[in-house]
Enquirer: 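I'd like to ask some things about the structure below.
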Amino acid sequence: MSQKSWFAIVTPEPSNSKKMPLENSPPRVRFAPSPTGFLHVGGARTALFNWLVARTQGGVFLLRIEDTDKARSTDESTAAIFAGLEWLGLDWDEEVVYQASGLAQHQKDADRMLASGAAYRCFCTPEELTEQRKAMTVGKESFKYDRRCDRLSEEERSARLAAGLPFVTRFRVPEGTTEWDDLVHERISFPNKDIEDFVILRSDATPIYNMAVVSDDIAMKITLVMRGDDHISNTPKQILLYRALGVEPPKFAHVPMIHGTDGKKLSKRHGATAVADYQNEGILPSAMVNFLALLGWSPGGDREVMTLADMTKLFSAAGLQKKAAVFDPKKLEWMNGQHLSRIAASELEPLVTPMLVQADIVSESELVERREWYLALIDLLKIRARTTHDMVRQARPYFAARITYDPDSTAKSWKDVDQTLTLLQSARERLSKLHEWRPDSMEGALRALADELGVAAGKVFQPLRVALTGMSVSPGIFEVLEAMGRDLALARLGQAIEHIRPE
RNA sequence: GGCGCUAUCGUCUAGGGGACUAGGACGGGGCCCUCUCAAGGCCCAAACACGGGUUCGAAUCCCGUUAGCGCUACCA
């Protein structure tokens, strides 16, 4: 996929918006993670869906770092989120917004509500609140703030204010019902009586989550909020805030959670949950993105293996699922194998080269020198690999001066020492006499040898395979010989003979 | 506890009243191909949570039950 700069500013194009039922004008969407850890697969999927909405409709995909929780936010996490998105190929538009820098606006919006009477000051201390809560819970009733501070007389309120008592700002939830047409769930509705007068500004005047989100989404002119469905219960509060601020709420789309194999919310206990973990495990970004997309979305029909570009043509909110999906690492691996075998060697090369160098198998300069040969080798190895690690593991024999022999393989294919010795020696002799180092001539020579020895061809190929690669698994034997090259292959055979020969 | 969301093979899903003896994919089992392993091909086992409606007809619409999950902070 062609990658634009992260910070490229893309002008919304109002062209093909009519085709998609999601929005009637190009949407402005955002991904808003808090930088308190690495990019989680759930977050990555939310980002992906938002990105897809923007890219399919000529909209804008924005990134907002919700760093208002100073205690837990770190720069490392922010960097990891950028890196994760970049790796997946999800580029964003405009400048990154840092929520903490919007503080003044958050306060301004909250004060506006205070002024308009949509919110009020609450002087209850955390301790008092705990007391009230305790008293309520005893009677089996669920706690809801009883609005006592809203009933304070004018004099009392002024007195407390003058005395400099600390206060929080609470939103006064009006009577009625708050509902919206969710893009994935259709109509969702909450009776306002179940929503308590929630705090929007702490006693230090910093905003609470819902306040900051609404204020930012207004400032960023977000038209569609697409996020995990664990936010459903925040939504009525946010809608109320929009209304109190005199702003039309955006559309909402709540996508289902991702669960672990045990059906519980995906967590550390389920193993790898950060996209970087999968990157390290040799998963291709295209496979990751493909797999994630299918967790909660379907293009309809049987289509499964897709690139980001394909999805850009197929994505529609109509294909979004309501139900939580279980993350199945087995299917991810399969998916990776599919992508691996389809991707061009030239695209794979930048991913594999550093791994090869790091594993100390070969130097980068050698690969540059033999690029054409190297690309052919990648094509050879990618077919039977499920991860890039598999490829690296398989690549060693084509470079290393010496190899080690897998004990299981030698035990199985080199059972009889004398026979093996004879066989390897004859094979080496025949191959060395070949005028041309080509698969068809090798095959002729080796099959003839098998005939003369009166054994099946496999009885020749398999010991040979172990001698050449040290393993019992490899590409076709003639492909191995060809890729290895005459000199290395013959040397390898010599080494194997030495290795087997009794003292 | 309250509120909300959800409910098709073990898993991801197709399905949007008759085309359903419910399709595909992963995983599992078997066979074929074959120099090994993948890939590929073929086959098998495997699901509409339950109970009521609506309808000539329900996996599809409605209600209830059950179960799972989420939220329930001066966290985000």
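Order of the sequence lines fixes the chain letters, A, B, ..., with proteins taken first and strands second; residue numbering starts at 1 for each chain.
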Enquirer: Respond yes when some side-chain nitrogen or oxygen of A:Ser233 is under 4.0 Å from OP1 or OP2 of B:rU72, and no when none is.
Expert: no

Enquirer: Grab the CE-C1' distance between A:Met211 and B:rC74 for me, whole Å please.
Expert: 15 Å

Enquirer: Classify every nucleotide of nucleotides 42-50 of chain B by which part a protein heavy atom approaches to under 4.0 Å, writing B for the base, S for the sugar-phosphate alone and - for neither, in 5'-to-3' order.
Expert: ---------

Enquirer: Name all residues meeting the salt bridge (charged side-chain N to carboxylate O under 4.0 Å, His left out) criterion together with A:Glu333; count only those two or more places apart in sequence or in a different chain, and write none if there are none.
Expert: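 For A:Glu333 there are no salt bridge (charged side-chain N to carboxylate O under 4.0 Å, His left out) partners, ignoring immediate neighbours.
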
Enquirer: Nearest 0.5 angstrom please: A:Ile208 CD1 to A:Arg170 CZ, how far?
Expert: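 So the CD1 of A:Ile208 and the CZ of A:Arg170 are separated by 10.5 Å.
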
Enquirer: Report yes if a donor N or O on one partner sits less than 3.5 Å from an acceptor N or O on the other, where the partners are the side chain of A:Lys331 and the base of B:rA25; otherwise report no.
Expert: yes

Enquirer: Using the C1' atom as the reference point in each nucleotide, state the distance between B:rG15 and B:rA47 in Å, no decimals.
Expert: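 Nearest-Å result for B:rG15 against B:rA47 at atom C1': 13 Å.
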
Enquirer: Within this structure, what is the CD1-CD1 distance for the pair A:Ile239 and A:Ile188, rounded to the nearest 0.5 Å?
Expert: 9.0 Å

Enquirer: Taking only side-chain nitrogens and oxygens of A:Arg386, does any of them come within less than 4.0 Å of OP1 or OP2 of B:rA39?
Expert: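 For A:Arg386, the contact criterion (side-chain N or O under 4.0 Å from OP1 or OP2 of B:rA39) is met.
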
Enquirer: Can you measure A:Phe291 atom CZ to B:rU11 atom P for me and round it to whole angstrom units?
Expert: 14 Å

Enquirer: Are A:Asp310 and A:Arg303 within salt-bridge range, i.e. N to O under 4.0 Å?
Expert: yes

Enquirer: Using a 4.0 Å heavy-atom cut-off, does A:Gln338 contact any base of the nucleic acid, only the sugar-phosphate backbone, or nothing at all?
Expert: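 Result for A:Gln338 = sugar-phosphate.
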
Enquirer: Report which part of the nucleic acid A:Val168 touches: base, sugar-phosphate, or nothing (heavy-atom distance under 4.0 Å, all strands).
Expert: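 Counting heavy atoms under 4.0 Å across all strands, the contact made by A:Val168 includes a base.
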
Enquirer: Could you identify the nucleotide paired to B:rU34, looking across every strand shown and requiring Watson-Crick or G-U wobble geometry with both distances under 3.5 Å?
Expert: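 Matched B:rU34 with nothing under the 3.5 Å cut-off.
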
Enquirer: Assign A:His259 to base, sugar-phosphate, or nothing according to its heavy-atom contacts below 4.0 angstrom with the strands shown.
Expert: sugar-phosphate

Enquirer: Please state the P separation for the pair B:rG64 and B:rU6 - nearest whole angstrom.
Expert: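 Taking atom P in both B:rG64 and B:rU6, they lie 13 Å apart.
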
Enquirer: Once you apply a heavy-atom cut-off of 4.0 Å, does A:Glu333 come out as touching a base, just sugar-phosphate, or nothing?
Expert: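 Here A:Glu333 touches no strand at all.
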
Enquirer: Would A:Arg428 and A:Gln425 count as having a side-chain donor-acceptor pair, cut-off 3.5 Å?
Expert: no

Enquirer: For residues A:Phe291 and A:Ile283, determine if any side-chain heavy atom of one lies less than 4.5 Å from a side-chain heavy atom of the other.
Expert: no

Enquirer: May I ask you to say what A:Arg303 touches in the nucleic acid, namely base, sugar-phosphate or nothing, with a heavy-atom cut-off under 4.0 Å?
Expert: nothing

Enquirer: In the strands shown, is B:rA7 matched to any nucleotide by a Watson-Crick or G-U wobble pair with both distances under 3.5 Å, and which?
Expert: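 Across any shown strand, B:rA7 pairs with B:rU66.
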
Enquirer: Please check if any side-chain donor atom of A:Thr68 sits under 3.5 Å from a side-chain acceptor atom of A:His106, or the reverse.
Expert: no

Enquirer: OP1, OP2 of B:rU8 versus side-chain N and O of A:Lys323: anything below 4.0 Å?
Expert: yes

Enquirer: For a quick check of understanding: with a heavy-atom distance under 4.0 Å over all strands, which category does A:Glu66 fall into, base, sugar-phosphate or nothing?
Expert: sugar-phosphate

Enquirer: Looking only at N and O atoms, is any donor in the side chain of A:Ser474 or the base of B:rC37 less than 3.5 Å from an acceptor on the other one?
Expert: no

Enquirer: Please classify the nucleic acid contact of A:Asp204 as base, sugar-phosphate, or nothing, using heavy-atom distances under 4.0 Å.
Expert: nothing

Enquirer: Considering only atom C1', compute the distance from B:rG18 to B:rU11 and round it to an integer number of Å.
Expert: 31 Å

Enquirer: Select base, sugar-phosphate, or nothing to describe what A:Ile232 touches, counting heavy atoms under 4.0 Å on all strands.
Expert: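 The residue A:Ile232 makes sugar-phosphate contact but no base contact.
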
Enquirer: Does the structure show a Watson-Crick or G-U wobble partner for B:rG57, both distances under 3.5 Å? Name it, or say none.
Expert: none

Enquirer: Looking only at side-chain N and O atoms, does A:His231 come under 4.0 Å of OP1 or OP2 in B:rG70?
Expert: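 A:His231 to B:rG70 OP1/OP2: no side-chain N or O under 4.0 Å.
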
Enquirer: Roughly how far, to the nearest 0.5 Å, is OH of A:Tyr120 from CZ of A:Arg157?
Expert: 10.5 Å

